[in-house]
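Residues: numbered from 1 along the sequence shown. Just so it is clear, the values below take in all heavy atoms, side chains as well, and ignore hydrogens, waters and symmetry mates.
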Amino acid sequence: MLEFMTLPNNVLPPVAPYSHAVRAGDFLFVTGQLAEDPATGEVVKGPIEEQTRRVMENLALVLDHGGSGFNKVVMARIFVTDFRYYETVNTIYQSYFGGAPQPSRTTVGVTALAGYGDVEIDLIAYCGE
């Protein structure tokens, strides 16, 4: 069974035709998150540190709504517009996982992202028992 999820109360209002996550069995597929302001959906421009923290906080909102968490992430994909951001993004990303086992991961350099953000991350998380 598939469950298509959008956050309630217009949090992270979708700016395109997508769900924030789709639960398929025991797995939660989380749409790539940009540094969007949760109230407006506008991509926050600013230092890569600020953008990455906002991305991770947005992912936390979606994981929580889907009944999962960073400790259950099995796959992460990170997209950055400049590999000079790689270490900074890694440091902030890692801080959200703490000592939990690390998920598999792919990092890709891209020429542009929606909303002209500099980092986007999507996740696959386990949400079973």
Side-chain angles (χ1 to χ4, degrees):
M1 182 166 88
L2 298 177
E3 180 183 357
F4 297 84
M5 301 176 183
T6 301
L7 295 178
N9 303 318
N10 208 30
V11 172
L12 287 172
V15 295
Y18 60 81
S19 297
H20 289 116
V22 176
R23 183 191 309 264
D26 286 341
F27 289 92
L28 186 68
F29 295 82
V30 179
T31 296
Q33 295 296 307
L34 294 158
E36 293 178 45
D37 179 300
T40 67
E42 294 293 320
V43 175
V44 174
K45 305 292 192 277
I48 193 63
E49 297 85 355
E50 180 182 338
Q51 289 187 53
T52 306
R53 281 189 196 88
R54 182 72 264 151
V55 167
M56 296 304 290
E57 289 298 317
N58 290 350
L59 289 168
L61 289 170
V62 179
L63 286 169
D64 183 59
H65 180 74
S68 193
F70 286 111
N71 63 328
K72 292 185 175 183
V73 171
V74 297
M75 176 66 183
R77 286 182 293 230
I78 300 174
F79 304 89
V80 293
T81 58
D82 189 329
F83 261 89
R84 287 177 284 194
Y85 301 145
Y86 186 76
E87 290 305 319
T88 301
V89 170
N90 275 337
T91 299
I92 294 166
Y93 166 92
Q94 175 62 48
S95 72
Y96 282 79
F97 288 91
Q102 298 302 295
S104 60
R105 187 178 118 176
T106 301
T107 304
V108 180
V110 297
T111 57
L113 292 166
Y116 302 104
D118 293 308
V119 59
E120 180 173 358
I121 302 174
D122 69 15
L123 303 172
I124 301 171
Y126 185 68
C127 51
E129 294 301 318

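Residues Ile124 and Tyr126 are members of one and the same hydrophobic cluster, defined by side-chain heavy-atom contacts under 4.5 angstrom among Ile, Leu, Val, Met, Phe, Trp and Tyr. Residues Met75 and Val89 do not share a hydrophobic cluster, defined by chaining ILVMFWY side chains whose heavy atoms lie under 4.5 Å apart. A continuous path of ILVMFWY side-chain contacts below 4.5 Å connects Val80 to Tyr86, so both sit in one hydrophobic cluster. Under a hydrophobic clustering in which Ile, Leu, Val, Met, Phe, Trp and Tyr are joined whenever their side-chain heavy atoms come within less than 4.5 Å, directly or via other members, Tyr18 and Val55 fall into different clusters. Under a hydrophobic clustering in which Ile, Leu, Val, Met, Phe, Trp and Tyr are joined whenever their side-chain heavy atoms come within less than 4.5 Å, directly or via other members, Leu113 and Val43 fall into the same cluster.
Taken to the nearest 0.5 Å, the OG1 atom of Thr52 stands 12.0 Å off from the CD atom of Glu120. Separation of atoms CD1 (Ile92) and CD (Glu57) is listed at 11.0 Å; rounding is to 0.5 Å. Here CZ of Arg105 is found 13.0 Å from CZ of Arg77. Values are rounded to the nearest 0.5 Å. Here the CG-OH distance, from Leu34 to Tyr116, works out to 12.5 Å after rounding to the nearest 0.5 Å. For the atom pair Lys72 NZ and Leu63 CG, the distance stands at 10.5 Å (nearest 0.5 Å). Ile121 contributes atom CD1, which lies 6.0 Å from atom CG of Leu59 (distance to the nearest 0.5 angstrom).
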Report task. Applying side-chain contact (heavy atoms from CB on, under 4.5 Å), run through Glu36 and Asn58 and close with a yes or a no. Result -> CA-CA 8 Å; Glu36 293 178 45; Asn58 290 350; 4.0 Å; yes
Query raised in the report: Can Ser19 and Met5 be said to form a side-chain contact (heavy atoms from CB on, under 4.5 Å), step by step?
Result: CA-CA 6 Å; Ser19 297; Met5 301 176 183; 5.7 Å; no
Query - Val15/Glu42 under side-chain contact (heavy atoms from CB on, under 4.5 Å): CA gap, chis, key distance, verdict - result: CA-CA 9 Å; Val15 295; Glu42 294 293 320; over 6 Å; no
Query raised in the report: Would Asp122 and Phe79 count as a side-chain contact (heavy atoms from CB on, under 4.5 Å) if you check the C-alpha gap in whole Å, the side-chain angles of each, and the deciding distance to 0.1 Å?
Result: CA-CA 9 Å; Asp122 69 15; Phe79 304 89; 4.2 Å; yes
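Residues Tyr93 and Pro103 share a closest heavy-atom pair of OH-CG, 3.4 Å. Ala21 and Val62 make their closest contact through CB-CG1, 3.7 Å (heavy atoms, listed as atom of the first residue, atom of the second, distance). The minimum heavy-atom distance linking Cys127 with Ser68 is given by the pair CB-CB, 4.2 Å. Pairing each heavy atom of Phe83 with each of Val108, the nearest pair is CE1-C, 3.9 Å. Contact detail for Leu61 and Leu7: the closest heavy-atom pair is O-CD2, 3.9 Å. For the residue pair Val74 and Ser104, the shortest heavy atom distance occurs at O-OG, 2.8 Å.
Side chain of Asp118 to backbone of Asp82: no donor-acceptor contact under 3.5 angstrom is found. Between the Glu87 side chain and the Tyr85 main chain, no donor and acceptor come within less than 3.5 Å of each other. A donor-acceptor distance shorter than 3.5 angstrom exists from the side chain of Arg23 to the backbone of Gly66, with no hydrogens or angles considered. In this structure a side-chain-to-backbone donor-acceptor pair under 3.5 Å is present from His20 to Leu12. Gln51 places no side-chain N or O within 3.5 Å of a backbone atom of Lys45 that could act as its donor or acceptor partner.
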